[in-house]
Amino acid sequence: MDRFSATFRFIRKWYAVLSVLVGLLLLPVGFLFFSTSKQAVPVHWVGPWVILVLSTSGDLFVRSLDSTIEGMGFIAESIRVNLLSAAIKIILSLVFLLVGMRLYAVPVASAIALIVNRWSVWRLLRIVDRETRKHGHDIRINWRDEVLPFQWRIASSWVFGWFSFSAMMPVAFRLFGPVEAGRFGLAVSLSGFIHAFASNWAATKAATWGQMASKRDWKAMDDLFRRVVPQSVGIAILGSAMAIGLVPHLGDWIPRFSGRVPDWRLLGVLCLAVVINQGVFAEAFYLRAHKREPFLITSVVGGIAMGVFLFGFVHTSVLGIATGYTILTFLIGLVWGSIIFAYCRKHWHVDACVGENFK
């Protein structure tokens, strides 16, 4: 209990600092980026950008608390909280677009979803917070030896993966203006929601895979992997089909949405990336159960490749941006990632179980 309490305080302290640093970094970068855009000159982008940055930095802190809940074993509760937040963001984005909030629609929806998420997470942790105040004040977490060796790899993978997905939106706004960026942003939000929902089939098995890996029960790990991947891929395909079939027609049913929703091609390309990522994420959770992060190299290369693609090439449409992202996701994430997965799975298990008949 003393060690858990000390770890809980350590997480809150450093993620609070990190969240502030992220906000301080993103704000000036956004000002510099958008102020040099010809498309951005007549558009009031400052307010939406500030709200979006504050929501992003705040979300980073809340995710650390959510990870604490998962680490305690309350996986189902964590999923319910995150799905509620994602659903609120999507619904409010559509409502705010309907009432004419334009560029403010997604940032304000994100901010409200963050507030709801923060309240829900803290409601689950209020007893934990009260009890941990009594313990562990004499314990110091040796972050260099206990946290940094593995965490820096996970953090780097997350940062480059986040950049690959999130950098598309400001580039689209800078190049094609607020109207096209609004449609693109809605497509990105919808695909993100589908991914968040479908990836739960793999994410919820992370702790189980970790237990199996500690027991060297490789067969059980493989059996669970073979069940999880078709489930998450199937859910992603189902969600994508619903989005592609319904969202592009909102303008026909509700006149206020006319010209504000993405077409089926843009949604289809982004949803294809979501389906591909289900396999990538399942492989990542499986391998991380061994307390290693071999996907760091693919995340770094993918982030750099996406940066070169976004800022080094001329783009004629948001569909081209989405297509480039999906192609890189397939080649670097799935193809290269699957090669790494097969290699690590074979050698790690064989090396750990010399003499076993491992398949």
*Asks:* Quick one: sort the His349 and Tyr286 rings into parallel, tilted or perpendicular, breaks at 30° and 60°.
*Replies:*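 Because their plane-to-plane angle lies in the 30° to 60° range, the rings of His349 and Tyr286 count as tilted.
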
*Asks:* Just so I know, are the side chains of Pro262 and Phe184 near enough to count as touching, which here means a heavy-atom distance under 4.5 Å?
*Replies:*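 No. Closest side-chain heavy atoms not under 4.5 Å.
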
*Asks:* Is Asp222 salt-bridged to Arg345, cutoff N-O under 4.0 Å?
*Replies:*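 A salt bridge links Asp222 with Arg345.
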
*Asks:* What are the two closest heavy atoms between Ala273 and Tyr325, and how far apart are they?
*Replies:*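 Closest approach of Ala273 to Tyr325: CB-CE2, 3.7 Å.
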
*Asks:* Please find the pair of heavy atoms, one from Met169 and one from Gly185, that lie closest to each other, and give the distance.
*Replies:*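 What the structure gives for the nearest pair is SD-CA, 3.4 Å.
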
*Asks:* Treating Ser78 as the side-chain partner and Phe74 as the backbone partner, does any N or O pair qualify as donor plus acceptor under 3.5 Å?
*Replies:*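 Checked: no pair found.
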
*Asks:* Verify the neighbour count for atom CZ of Arg9: are there more than 12 heavy atoms of other residues, nucleotides or ligands below 6.0 Å?
*Replies:*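 Atom CZ in Arg9 is packed in, count exceeds 12.
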
*Asks:* Do His315 and Phe309 have their ring centres less than 6.0 Å from each other?
*Replies:*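 Yes: the rings meet the under 6.0 Å criterion.
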
*Asks:* Report yes if the distance between the aromatic ring centroids of His290 and Trp218 is under 6.0 Å, otherwise no.
*Replies:*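 Ring-ring flag for His290/Trp218: true, centres closer than 6.0 Å.
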
*Asks:* Would you confirm whether the ring centroid of Tyr15 sits within less than 6.0 angstrom of the ring centroid of Phe61?
*Replies:*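 Phe61 vs Tyr15: aromatic centres not under 6.0 Å.
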
*Asks:* Looking only at heavy atoms, what is the nearest atom pair of Cys344 and Pro294, with distance?
*Replies:*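 Nearest heavy atoms, Cys344 then Pro294: SG-CB, 3.8 Å.
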
*Asks:* To the nearest 0.5 Å, what is the distance between CG (Leu54) and OG (Ser110)?
*Replies:*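 Output value for this atom pair is 11.5 Å.
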
*Asks:* Give a yes or no on whether the ring-centroid distance for Trp45 and Phe31 is below 6.0 angstrom.
*Replies:*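 So the answer is yes for these two rings.
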
